[in-house]
Amino acid sequence: MEIGAKINRIKSCSSTNDIAKEMALSGEEEGTVVISDEQTKGRGMKGRKWYSARKKGIYLSVILRPPHFNISLLPLIAGLAVTDAVFDSIGLRIKLRWPNDLIWGKKKLGGILCEGGFLGDRINYAILGIGLNVNHGRGDFPEEIRHEATSLKLISKEDMDENIVLQNLWPALNHWYSRFLQDEKDKIACHFQENSILPLGKEITLVTESGEVSGIYRGIHSQGSLILESRGKRKSFFSAEIKTMKK
Ligand code: BTN
């Protein structure tokens, strides 16, 4: 089934990822979407909160049943789909910050949270959670993130119809997911780099589970990892955050 062909719209929930996970475990088919007007326990990466003010943003999760393990590419294709959908909706080219941030200028416009469930050595489902700030005014963000968050309304100075963005998001997600299914790994990594806020060759610091590591950014690997060159050696990072970028 195509992504977006079946949409489960709800008024409120803890997290659309949790609802989608329950549905996936009960056998719901690939492509089904859960969208909520608000989330009371929206989640971001690294256990952070995702503030989900009622009817201000898009909070949705897509159930996928990818046939192979390479789910590290899923947040990347979701990011690419959102950049296309935003461009088709309001003509703005937003940027991506590996692995899961949607960026405008230096501010965060949204994020992706991809969570997988396994059955033995096989992937049973993947939940692709997408959060996009649409009609937030400054005061709709909690104070602690106000300086670093933005919304489509704050950028365009106009109220946005989230349905227009959603109508553009379904074909974009289907397009990028079909490229993922066709194993176009290199092309996905290359498109991600083209839309990335991070230019090749930049000196960066990554925060990893085992501490900070600095080096030269050498791009995105076709498996979805970030390649960093440090002391002449290239290393791939699947789970890290970009902390600083030298000018
Ligand atoms: C991040 O940038 O840290 C990821 C944010 C992901 C937020 C979305 S909103 C819909 C889905 N449900 C959640 O609880 N999180 C994701």
Side-chain angles (χ1 to χ4, degrees), residues 1-11 13-37 39 41-45 50 52 57-86 88-89 96 99-100 102 110-132 162-189 191-192 220 222-225 238-239:
M1 187 175 68
E2 296 254 294
I3 297 170
K6 183 170 168 191
I7 296 173
N8 195 351
R9 212 179 222 291
I10 48 186
K11 286 194 161 50
C13 67
S14 52
S15 156
T16 54
N17 267 33
D18 293 343
I19 306 281
K21 178 182 168 186
E22 279 168 30
M23 291 170 72
L25 287 170
S26 313
E28 186 64 44
E29 63 182 308
E30 173 169 270
T32 298
V33 176
V34 181
I35 308 187
S36 187
D37 288 349
Q39 300 182 114
K41 283 189 182 150
R43 284 184 279 116
M45 291 277 282
W50 187 258
S52 313
I58 291 175
Y59 317 114
L60 69 83
S61 301
V62 184
I63 297 173
L64 297 174
R65 304 231 181 239
H68 54 80
F69 260 107
N70 198 6
I71 61 167
S72 299
L73 279 174
L74 289 178
L76 277 54
I77 61 156
L80 286 165
V82 179
T83 59
D84 285 353
V86 169
D88 294 341
S89 304
L96 300 169
N100 72 316
L102 306 164
I112 317 285
L113 180 67
C114 180
E115 298 175 309
F118 295 84
L119 263 184
D121 61 356
R122 182 172 79 73
I123 178 140
N124 179 18
Y125 63 83
I127 306 297
L128 202 49
I130 300 176
L132 182 67
E162 73 157 50
N163 287 315
I164 295 179
V165 182
L166 290 175
Q167 287 321 311
N168 287 315
L169 184 60
W170 311 134
L173 277 170
N174 280 302
H175 168 80
W176 285 106
Y177 188 53
S178 76
R179 297 186 78 167
F180 168 84
L181 293 177
Q182 284 155 27
D183 227 10
E184 292 188 21
K185 302 191 276 275
D186 294 316
K187 286 191 185 146
I188 291 169
H191 277 282
F192 191 91
I220 302 298
S222 57
Q223 302 289 322
S225 56
F238 280 94
S239 166

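Source: prediction; values computed, not measured. What you see below is based on every heavy atom in this structure, not just the backbone, and it leaves out hydrogens, waters and symmetry mates. Throughout, numbering of the chain's residues begins at 1 and tracks the sequence.
Summarising the geometry, atom CG belonging to L64 is positioned 7.5 Å from atom CD1 belonging to I127; distances are rounded to the nearest 0.5 Å. Note that CD of E2 and OG of S178 are 8.5 Å apart. Values are rounded to the nearest 0.5 Å. Atom CD1 in I63 sits 4.5 Å away from atom CE in M23 (nearest 0.5 Å). Taken to the nearest 0.5 Å, the OG atom of S15 stands 5.0 Å off from the CD atom of Q39. How far CZ of R43 is from OG of S14: 8.0 Å, rounded to the nearest 0.5 Å. For the atom pair CD1 (I77) and CG (L80), the distance works out to 8.5 Å, reported to the nearest 0.5 Å.
The shortest non-hydrogen separation linking F180 to P66 is CE2-CB, 3.9 Å. The heavy-atom pair separating A20 from S61 by the smallest distance is CB-CB, 3.8 Å. The two residues A172 and D84 have their closest heavy-atom pair at CB-CB, 4.1 Å. Shortest non-hydrogen contact noted between S222 and D186 is CB-OD1, 3.1 Å. Minimum heavy-atom separation, I71 to C114: O-SG, 4.4 Å. Residues E115 and N17 come closest through the heavy atom pair OE1-ND2, 2.8 Å.
The shortest side-chain heavy-atom distance between I35 and L166 falls under the 4.5 Å cut-off. Looking at K185 and L73, their side chains come closer than 4.5 Å, going by heavy atoms from C-beta outward. I220 places none of its side-chain heavy atoms less than 4.5 Å from the side chain of I188. Side-chain contact between T32 and V62 is absent, with no heavy-atom pair separated by less than 4.5 Å.
With I58 as the partner, the side chain to side chain contact (heavy atoms under 4.5 Å, CB included) test is satisfied by one option alone out of V82, T16, L132: L132. None of D18, I19, V34 except one satisfies the side chain to side chain contact (heavy atoms under 4.5 Å, CB included) rule with C13; the exception is I19. Checked options W176, W170, Y177; the residue passing with L173 is W170 (criterion: side chain to side chain contact (heavy atoms under 4.5 Å, CB included)).
With salt bridges taken as basic N to acidic carboxylate O contacts below 4.0 Å, none links R65 and E30. The pair E29-K6 fails the salt-bridge criterion, with no side-chain N (NZ, NE, NH1 or NH2) lying under 4.0 Å from an Asp/Glu carboxylate O.
Heavy atoms of other residues, nucleotides or ligands lying less than 6.0 angstrom from CD of Q223 number more than 12.
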For this session: Show the numbers, then the answer: is there a side chain to side chain contact (heavy atoms under 4.5 Å, CB included) between L96 and L102?
Result: CA-CA 5 Å; L96 300 169; L102 306 164; 3.5 Å; yes
*Could you please spell out the steps behind the side chain to side chain contact (heavy atoms under 4.5 Å, CB included) verdict for L128 and I112?*
CA-CA 7 Å; L128 202 49; I112 317 285; 4.0 Å; yes
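In this structure, the side chain of N174 engages the main chain of I3 through a donor-acceptor pair within 3.5 Å.
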